[in-house]
Amino acid sequence: MKYLFVYVVIALVPYVLKAQERSTKKPNIIVILLDDAGYADFGFMGSKDLQTPEIDKLAKSGIVFTDAHTSATVCSPSRAGLITGRYQQRFGFECNGTGDSLGLDVSEITLGATLQQKGYKTIAIGKWHLGDREVYRPNARGFDEFYGFLGGSRSYFSNPKDDKPGSINAIRHNQNHIDFKEGYLTDVLGDAAVNYIDKFKNQPFFMYLSFNAVHTPMHAKKEDLERFKNHPRQLLAAMTWSLDENIGKVMRKLETEKLLENTLIFFLSDNGGANNNQSTVFPLKGWKGNKFEGGHRVPFIMSWKGQLPEGVKSDKLVSSLDIYATSLAIVDAKNPTHKPIDGASLIPFKAKEKGHQQLFWRKDEAAAVRKGDYKLIRIKEGGTVLYNLKADIGETKDLSKQETKQYKSLSKALLRWERGLIDPLWFEEPEWMQITSDIHKALMNNQKPKKIQPKEVK
């Protein structure tokens with residue numbers, strides 16, 4: 001009997017070790033970032049006309065933050081904030097694009113670099129838009145693998161201009177040009193994500209899955225256009241359907257490999273919906289590029305099977321900056337720099353916590369601050385308005401003359417924050433600066449802007 005007991009114990013050792021390995025293995029982290037997606041353009045956010053069954057399933061598996069914001073209202077600076085966990089204005093990355101020769105400051109430590117130092121395999125897929133010189137590219141900024149393009153937008157199908165060698169919009173694998181001749185880019189990026197999960201499934205990995213959908217140009221597959229042939233927003237519906245399918249592929253791969261219980265997943269858009277891609281931000285005001293809620297309030301999901309509650313909606317005030325801080329917390333990593341991290345960890349999740357006490361935005365001549373239920377928007381030489389978002393989510397009633405105490409408090413908070421910033425290292429084109437200023441002024445007066453695209457500027 002004694003020998004039988006010893007035999008059983010020895011036989012069980014491999015299973016015990018595997019169980020211990022599962023319990024001590026570092027969690028994988030996946031950030032699914034969309035491009036220019038509207039706040040209300042998903043089933044879980046109330047959309048009645050766009051079909052997003054896979055994304056809705058992801059939402060049900062975790063926490064949906066309904067008061068979530070990006071740190072910028074346009075693509076490039078928003079990504080700089082997310083990937084560093086810091087207000088991008090602290091290092092001059094305030095405006096869109098990356099200047100003629102500049103990019104994400106090399107002294108800033110990205111989330112990829114931080115997790116790489118903790119033994120993670122790090123993967124960036126899709127749109128980069130943080131600088132195209134070699135020193136700014138993903139492989140130089142903490143990512144072991146990169147499959148995507150360096151620029152801000154490109155065709156979803158093979159295109160001679162985008163796909164010529166040397167173009168910042170050409171598809172590349174690390175430093176190698178990929179001859180993209182066939183396929184639909186959203187599918188290609190989804191397949192790349194599945195392949196990388198398969199490759200690195202036996203070790204901790206961080207995946208930054210940055211789809212360029214639903215950014216213009218509005219390209220969709222024929223079969224998806226046929227599916228939505230009578231839809232009033234046919235192009236967006238078709239593009240969103242493909243996006244949803246590919247997120248479903250990623251989720252099924254995680255489930256097949258039994259990785260869901262060891263993978264923290266974030267889902268969000270890089271800014272609010274654009275005015276040129278059929279998106280909607282109802283009931284919010286504004287859109288991509290301006291400081292009203294429609295420009296920076298985004299759909300935001302955080303899911304981790306078995307570790308976080310499921311099917312929860314939270315009105316906690318959160319930011320895309322929190323992704324960095326949350327990731328540091330779950331891998332037990334300290335801030336790798338002496339510089340301040342502006343996000344806060346969302347784990348452990350506590351439903352009653354209010355989240356950030358205040359959030360800030362600034363680009364060119366427009367700036368804003370959120371503090372509690374109140375929000376202030378300031379335009380250089382264009383005035384300042386104050387809203388109570390709890391009572392007026394559509395930002396229609398300016399309270400700056402009635403609630404002077406709140407007005408002064410938020411104005412001072414914004415000025416204090418700005419003292420910790422540096423001047424922008426580059427600006428956007430003059431026509432974009434003019435049109436953005438005009439849009440803000442019109443919306444402040446609850447008017448419809450006369451011009452919304454630079455080509456309309458005279």
Side-chain angles (χ1 to χ4, degrees), residues 36 38-40 67 69-74 77-78 87 89 94-96 271-276 279-298 317 358-418 421 424 427-458:
D36 290 3
Y39 181 73
D67 199 357
H69 303 262
T70 51
S71 64
T73 63
V74 289
S78 172
Y87 282 115
Q89 298 92 341
E94 185 166 324
C95 298
N96 211 15
N271 46 246
N275 61 43
N276 61 351
S279 62
T280 179
V281 298
F282 182 84
L284 310 178
K285 184 178 187 176
W287 55 82
K288 172 185 177 180
N290 57 68
K291 298 299 178 286
F292 294 88
E293 290 293 286
H296 53 76
R297 188 184 286 227
V298 296
L317 181 60
Q358 50 192 20
L359 292 175
F360 301 93
W361 299 268
R362 192 181 79 178
K363 182 173 79 70
D364 295 336
E365 299 181 349
V369 54
R370 167 78 178 274
K371 192 174 182 182
D373 293 330
Y374 288 87
K375 180 180 173 186
L376 180 144
I377 302 175
R378 184 197 70 199
I379 307 298
K380 185 178 181 181
E381 299 180 359
T384 305
V385 288
L386 177 73
Y387 302 108
N388 183 325
L389 296 180
K390 186 175 183 179
D392 179 26
I393 190 64
E395 297 173 293
T396 61
K397 300 173 184 176
D398 176 20
L399 303 175
S400 59
K401 301 293 191 295
Q402 295 96 316
E403 301 207 31
T404 55
K405 185 176 180 180
Q406 290 289 350
Y407 177 82
K408 290 178 181 178
S409 175
L410 269 70
S411 295
K412 289 179 180 178
L414 182 55
L415 290 172
R416 282 195 300 270
W417 175 69
E418 289 183 305
L421 312 182
F427 291 95
E428 296 177 13
E429 298 86 349
E431 60 266 35
W432 264 121
M433 294 176 70
Q434 178 188 333
I435 201 70
T436 300
S437 179
D438 290 345
I439 288 171
H440 277 97
K441 292 173 184 176
L443 293 178
M444 280 180 164
N445 292 307
N446 295 322
Q447 298 172 349
K448 183 178 180 181
K450 294 179 180 179
K451 307 167 185 176
I452 58 175
Q453 294 292 337
K455 63 183 179 182
E456 300 172 291
V457 177
K458 296 181 180 179

Checklist entry - For His69 and Trp361, what are the C-alpha separation, side-chain angles and deciding distance, and is it a side-chain contact (heavy atoms from CB on, under 4.5 Å)? => result CA-CA 10 Å; His69 303 262; Trp361 299 268; 3.9 Å; yes
Checklist entry - Between Phe292 and Tyr387, does a side-chain contact (heavy atoms from CB on, under 4.5 Å) hold up when you go through it step by step? => result CA-CA 10 Å; Phe292 294 88; Tyr387 302 108; 3.5 Å; yes
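Here the closest non-hydrogen pair linking Leu414 and Leu376 is CD2-CD2, 4.2 Å. What you find for Cys95 and Asp364 is that their closest heavy atoms are SG-OD1, 2.9 Å. What you find for Glu418 and Ala367 is that their closest heavy atoms are OE2-CB, 4.4 Å. Nearest approach of Trp432 to Ile452, heavy atoms of both residues: CZ3-O, 4.5 Å. Residue Leu386 comes nearest to Glu403 through the heavy atom pair CD2-O, 3.7 Å, listed as atom of the first residue, atom of the second, then distance. In terms of heavy atoms, His296 sits closest to Ala72 at CB-O, 4.4 Å.
Side chains of Tyr374 and Leu389 form no contact here, defined as non-hydrogen atoms less than 4.5 Å apart. A heavy-atom distance below 4.5 Å is found between the side chains of Pro449 and Leu443. Put simply, the side chain of Gln358 does not reach to within 4.5 Å of the side chain of Arg370, judged on heavy atoms. Between Leu284 and Ile393 the shortest side-chain heavy-atom distance falls below 4.5 Å. In this structure, the side chains of Gln453 and Asn276 come closer than 4.5 Å at one or more pairs of heavy atoms. Two residues are said to be in side-chain contact when any heavy atoms from C-beta on lie closer than 4.5 Å; Lys441 and Ser437 meet this criterion. Considering only heavy atoms from C-beta on, Arg378 comes within 4.5 Å of Leu415 through its side chain.
In this model, no donor atom of one side chain and acceptor atom of the other lie less than 3.5 Å apart for Thr73 and Lys363. Side-chain contact check for Asn388 and Gln406: no donor-acceptor pair (N or O, by modelled atom type) lies under 3.5 Å.
Using modelled atom types, one side-chain atom of Ser411 and one backbone atom of Tyr407 make a donor-acceptor pair closer than 3.5 Å. No side-chain donor-acceptor contact under 3.5 Å links Glu365 to the backbone of Met433. Between the Asp373 side chain and the Lys390 main chain, no donor and acceptor come within less than 3.5 Å of each other. Ser78 contributes no side-chain N or O that, together with a main-chain N or O of Ser71, makes up a donor-acceptor pair within less than 3.5 Å.
Ring geometry, Trp417 versus Tyr87: the interplanar angle exceeds 60°, so the pair is classed perpendicular (tilted spans 30 to 60°).
For the atom pair NZ (Lys380) and CZ (Arg362), the distance works out to 10.0 Å, reported to the nearest 0.5 Å. Separation of atoms CD (Glu429) and CG (Asn96) is listed at 8.5 Å; rounding is to 0.5 Å. Distance check: Asp398 CG to Asp392 CG gives 10.0 Å after rounding to the nearest 0.5 Å. Note that OH of Tyr39 is 12.0 Å distant from OG1 of Thr280, once rounded to the nearest 0.5 Å. Taking CD1 of Ile379 as the start and CD1 of Ile439 as the end, the distance is 10.5 Å to the nearest 0.5 Å. To the nearest 0.5 Å, the span separating CD on Glu431 from OG1 on Thr436 amounts to 10.0 Å.
Applying the salt bridge (Lys or Arg N to Asp or Glu O under 4.0 Å) test to residues at least two apart or on different chains, the pairs with a partner in residues 285-297 are Asp36-Lys288, Asp67-Arg297, Glu293-Arg297, Glu293-Lys375.
Enclosure of atom CD in Gln447 by more than 12 non-hydrogen atoms of other residues, nucleotides or ligands within 6.0 angstrom is indicated.
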